[in-house]
Structure formats: C-alpha cells, structure tokens
A.B. asks: 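What follows is a structure written as structure tokens; I'll ask about it next.
Predicted model, so just to flag it, every value in this text is computed and none were measured.
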Amino acid sequence: MSLRDELTELGDLFRAYQKRPEPDLALLADLQERKARAFLTWSEVSCDVTLRLEAKRAEQAAAVIRRQHQHRTGCVPDGEEPGVARLLTGPAQWEYVRSVLAHVTGHTPLPGAEARLLVLMLTLRTAHSGTGNLVGQDVNALGLTDPEDLVEQLTGCGWLSLPGTVGDLLASRPENPTPITVPSLVPGKDGTGPFTFGRKTRPKLSGWAQRVVSDKKLRKAKAPAGARLLAVTLATWTDDVGRLGSGGRGVTLDALTTRVPVDADELRDLIDRLTAADWLTDAALTDTHLTGRLTERVLPLTCPLPD
C-alpha cells in the first residue's frame with residue numbers, strides 16, 4: 001500500500017471510530033500506532049520536522065490509550081500495579097458479580113428494594129452450595145425497616161430455610177453462626193447451580209458486597225436498604241474511572257429501576273443520600289438516564305463494565 005493510500009485509509013478509520021456507539025480503546029491505540037508509523041514515513045520522505053513531531057505525539061497517545069485499556073481491563077504488565085487497587089481484581093470477577101445481580105433481579109420472591117437487598121446478600125452467602133452461615137449483624141446492618149418480618153416472609157414462602165426461629169438468627173453471634181439454606185441454589189443432580197464461579201470465588205464476591213453495603217459513610221448516615229442496594233448496583237455500572245454507564249454515558253432509568261425497584265421520587269432521594277455520603281458526585285437524573293460518577297474514595301469497590 002502506498003503512503004497516500006495509508007493516510008487516506010487512516011483518515012477514514014478515525015472518522016469511523018468517532019461514529020462508534022461505544023469506545024474501543026484497544027482499537028484506538030492501534031490506529032494511533034499506525035498514524036505514528038505513517039507520519040514518521042511521511043516526514044522521512046518530505047524532510048518535514050513538523051510531521052516527525054506529529055508522529056511522536058501519535059506514538060505517545062497510543063501508549064497512553066493502551067495503558068488506559070490495560071487498567072480498565074485489569075491486564076496490566078507484570079510487575080506493575082493497576083491504576084486503581086480494586087477489591088475484586090479482574091473482569092472475570094466483575095462479570096460474576098453482575099451475573100449474581102441479574103439472577104437476583106429475576107428471582108427475588110418478594111417486592112421492594114429491601115427484599116432485593118436481603119436476597120442479594122443471602123444469595124452471595126450461599127451461592128456455591130445453597131448453604132452458608134449467617135449472624136444477626138449480617139441482617140441487622142442492612143438498614144431494613146423490619147428485619148424480623150422480612151426474614152419471616154422469606155422463610156414463609158420457602159425461599160429461605162432456617163434450623164430455628166428468625167429470632168434465633170437475629171440474635172446469633174460470630175462464635176455461633178446460624179446455618180442457612182436457600183433451596184433454589186442447591187446444585188441439581190448434575191452438580192451444577194445457577195452460577196459458574198467456584199467455591200473460592202464466592203467469599204470474595206460476598207466480601208465485596210459486604211464492604212459496599214457497610215461502607216463507613218453509609219453506616220454513619222444510617223442509609224436505608226434502598227440506598228445500599230443502589231450503591232451496590234452503581235458500583236457494577238461504571239467505566240474504569242467511575243463514570244456511570246459504558247463510556248460514561250449514564251445508566252438508563254428503565255434498567256436502573258429494574259435492578260433497584262423504587263419509584264421516581266424515592267430514586268431521587270436515594271441518589272441524594274449517596275451524594276451526601278460522598279459515594280456519588282455530579283449526579284443528574286433525567287426522564288431517561290442517570291449520569292454522574294462514583295467518587296474517588298469508592299473506586300476500589302467498582303467493577304468496570306467491559307469496553
């Protein structure tokens with residue numbers, strides 16, 4: 001291919017990239033590297049110093065974009081630390097979290113954000129085998145209006161099984177936890193359940209969710225269960241720098257209220273609560289989208305969306 005053809009094709013490719021609905025940093029880095037090579041060749045042919053400088057700028061841009069892609073995907077070179085030291089360390093774990101949230105959205109037996117949050121936490125506690133251990137503080141710390149009644153409803157409909165009473169569960173302490181069972185999560189005869197992650201991954205995911213809902217500023221503000229559920233949800237709906245939605249374009253209101261089942265007025269209140277708790281900033285809620293970004297202090301808890 002002649003230099004003229006290469007430059008023409010690069011121009012077409014950059015214009016096509018600008019029209020993409022979503023960014024592709026790996027592709028953009030490749031284009032910048034091609035541009036650097038083409039401009040370097042052009043500068044040698046024409047002896048034009050400004051073209052050599054343009055080639056250098058494209059080479060530097062490619063390196064920066066490539067590094068951004070590596071940090072976003074968690075694939076940093078050996079020996080280097082990622083840009084954000086996240087509690088969950090890579091795309092596979094981030095997708096596992098999203099798979100649990102999606103499952104809970106379709107399998108919570110009771111309406112409302114409080115039930116959704118409790119079912120999420122219990123699902124993460126029992127995801128691998130359908131069984132797990134729980135103490136009273138695990139439930140009492142979720143900001144539920146009436147923890148005892150909600151657990152009673154979950155046991156009453158058969159979603160949750162306890163060896164004793166709900167009162168026993170809520171009074172149990174770490175030295176004597178209560179064994180619980182979620183029958184729908186017990187593996188079938190073929191040994192498989194609804195999730196693909198293994199036994200060692202489950203406590204990492206559960207620990208991540210516990211860190212989110214028990215965030216010190218949410219605790220201090222006595223955030224209700226809905227705010228904690230929104231915090232968990234938004235933590236899985238950011239780009240690598242914490243902007244909401246893929247490429248920072250926000251989250252659709254329909255998708256958000258599917259995951260956080262509240263009406264518009266309550267959603268606004270929950271957003272205000274997360275903003276006051278230094279969890280969310282630059283939030284803007286329209287009739288169709290929520291835009292904004294998570295604050296720097298909670299970036300380690302985020303699970304970036306794929307490019």
Side-chain angles (χ1 to χ4, degrees), residues 87 96-97 99-216 218-220 222-233 259-262:
L87 187 62
Y96 289 147
V97 166
S99 74
V100 175
L101 287 170
H103 175 87
V104 168
T105 296
H107 294 83
T108 299
L110 303 172
E114 292 198 354
R116 184 73 59 83
L117 178 64
L118 180 56
V119 166
L120 171 64
M121 301 306 289
L122 297 184
T123 296
L124 285 167
R125 191 61 62 92
T126 59
H128 187 255
S129 64
T131 61
N133 291 320
L134 205 66
V135 299
Q137 182 62 16
D138 294 329
V139 179
N140 292 322
L142 295 179
L144 304 172
T145 303
D146 189 341
E148 185 169 5
D149 178 66
L150 189 52
V151 177
E152 289 277 12
Q153 291 186 60
L154 288 178
T155 57
C157 71
W159 187 85
L160 177 66
S161 177
L162 303 176
T165 68
V166 174
D168 292 337
L169 165 63
L170 295 180
S172 61
R173 298 177 60 81
E175 60 269 20
N176 188 28
T178 299
I180 64 172
T181 301
V182 176
S184 60
L185 298 181
V186 175
K189 292 181 180 180
D190 61 357
T192 63
F195 306 115
T196 59
F197 50 82
R199 178 175 56 84
K200 293 182 179 179
T201 297
R202 186 213 59 76
K204 294 178 181 178
L205 307 184
S206 181
W208 166 83
Q210 193 65 43
R211 281 281 300 276
V212 174
V213 301
S214 62
D215 171 71
K216 60 182 180 180
L218 294 180
R219 291 200 317 270
K220 185 176 181 180
K222 297 182 179 178
R228 297 169 198 251
L229 177 63
L230 180 60
V232 169
T233 301
R259 293 291 177 88
V260 185
V262 297

A.B. asks: For residues 198-213, tabulate all N or O donor-acceptor pairs below 3.5 Å that involve a side-chain atom, not counting sequence neighbours.
C.D. replies:
{"unit_1": "R202", "atom_1": "NH1", "unit_2": "L124", "atom_2": "O", "d": "2.9"}
{"unit_1": "R202", "atom_1": "NH1", "unit_2": "R125", "atom_2": "O", "d": "3.3"}
{"unit_1": "W208", "atom_1": "NE1", "unit_2": "L301", "atom_2": "O", "d": "2.7"}

A.B. asks: Going by side-chain hydrogen bond (donor to acceptor under 3.5 Å, both in side chains), name the residues that satisfy it together with S129, two or more places apart in sequence or in a different chain.
C.D. replies: T131
A.B. asks: Within the distance-only criterion (no hydrogens, no angle test), does the side chain of S172 pair as donor or acceptor with the backbone N or O of G136 below 3.5 angstrom?
C.D. replies: yes
A.B. asks: Report the residue from D149, T145, D146, L142 that forms a side chain to side chain contact (heavy atoms under 4.5 Å, CB included) with E114.
C.D. replies: T145
A.B. asks: Taking only residues two or more places apart in sequence, or in another chain, which ones meet T108 in a side-chain contact (heavy atoms from CB on, under 4.5 Å)?
C.D. replies: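 Result, side-chain contact (heavy atoms from CB on, under 4.5 Å) vs T108: V104, A115, R116, V119.
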A.B. asks: Mind listing the closest non-hydrogen atom pair of P177 and P179 along with its distance?
C.D. replies: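 Taking P177 first and P179 second, the nearest heavy atoms are O-CD, 3.6 Å.
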A.B. asks: Could you walk me through whether V182 and T123 pass side chain to side chain contact (heavy atoms under 4.5 Å, CB included), step by step?
C.D. replies: CA-CA 8 Å; V182 176; T123 296; 5.7 Å; no
A.B. asks: Just how far is it from atom CG of L169 to atom CG of L160, taken to the nearest 0.5 Å?
C.D. replies: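 It is 7.5 Å, given to the nearest 0.5 Å.
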A.B. asks: Quick one: do L122 and L154 satisfy side chain to side chain contact (heavy atoms under 4.5 Å, CB included)? Show the steps, please.
C.D. replies: CA-CA 11 Å; L122 297 184; L154 288 178; 4.2 Å; yes
A.B. asks: For N140, give me all partners under side-chain hydrogen bond (donor to acceptor under 3.5 Å, both in side chains), at least two apart in sequence or on another chain.
C.D. replies: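 Not a single residue meets the side-chain hydrogen bond (donor to acceptor under 3.5 Å, both in side chains) criterion with N140.
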A.B. asks: Test: salt bridge (Lys or Arg N to Asp or Glu O under 4.0 Å). Region: residues 173-185. Which pairs qualify, not counting sequence neighbours?
C.D. replies: R173-E175
A.B. asks: Could you check if a side-chain atom of E148 sits within less than 4.5 angstrom of a side-chain atom of L170, using non-hydrogen atoms only?
C.D. replies: yes
A.B. asks: Mind listing the closest non-hydrogen atom pair of A113 and L229 along with its distance?
C.D. replies: O-CD2, 3.7 Å
A.B. asks: For residues 109-143, pull every pair meeting ring-ring contact (aromatic ring centres under 6.0 Å, His included), keeping only residues two or more places apart or in separate chains.
C.D. replies: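 Listed by first then second residue: nothing to list.
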A.B. asks: Would you say R228's side chain and A223's backbone share a donor-acceptor pair under 3.5 angstrom?
C.D. replies: yes
A.B. asks: Sequence neighbours excluded, which residues qualify as side-chain contact (heavy atoms from CB on, under 4.5 Å) partners of P111?
C.D. replies: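 Per chain and number, P111 pairs via side-chain contact (heavy atoms from CB on, under 4.5 Å) with no residue.
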A.B. asks: For N133, which residues count as a side-chain hydrogen bond (donor to acceptor under 3.5 Å, both in side chains) partner, sequence neighbours excluded?
C.D. replies: none
A.B. asks: List the residues meeting side-chain hydrogen bond (donor to acceptor under 3.5 Å, both in side chains) with N176, not counting sequence neighbours, and say none if there are none.
C.D. replies: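 Residues passing side-chain hydrogen bond (donor to acceptor under 3.5 Å, both in side chains) with N176: none at all.
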A.B. asks: May I have all residue pairs that pass ring-ring contact (aromatic ring centres under 6.0 Å, His included) and include part of residues 151-189, sequence neighbours excluded?
C.D. replies: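 Pairs touching residues 151-189 that pass the test: none.
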A.B. asks: Not counting sequence neighbours, which residues clear side-chain contact (heavy atoms from CB on, under 4.5 Å) with D168? List them please.
C.D. replies: T165
A.B. asks: V151 versus L144: any side-chain heavy-atom pair under 4.5 Å?
C.D. replies: no
A.B. asks: Carefully, step by step, assess R259 and L101 under the rule side chain to side chain contact (heavy atoms under 4.5 Å, CB included).
C.D. replies: CA-CA 8 Å; R259 293 291 177 88; L101 287 170; 3.7 Å; yes
A.B. asks: Atom CG of L117 and atom OG1 of T233: how far apart are they, to the nearest 0.5 Å?
C.D. replies: 9.0 Å
A.B. asks: Please name all residues satisfying side-chain contact (heavy atoms from CB on, under 4.5 Å) with P194, sequence neighbours left out, ordered by chain then number.
C.D. replies: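 Listed in chain order: H103, L185.
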A.B. asks: For the CG atom of L110 and the CG atom of L118, what is their distance to the nearest 0.5 Å?
C.D. replies: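 Here the rounded value is 9.0 Å.
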A.B. asks: The test is side chain to side chain contact (heavy atoms under 4.5 Å, CB included); show your working for V100 and L120 and say whether it passes.
C.D. replies: CA-CA 8 Å; V100 175; L120 171 64; 3.9 Å; yes
A.B. asks: Provide the closest heavy-atom pair for V260 versus G226 in the form atom of the first, atom of the second, distance.
C.D. replies: CG1-O, 4.3 Å
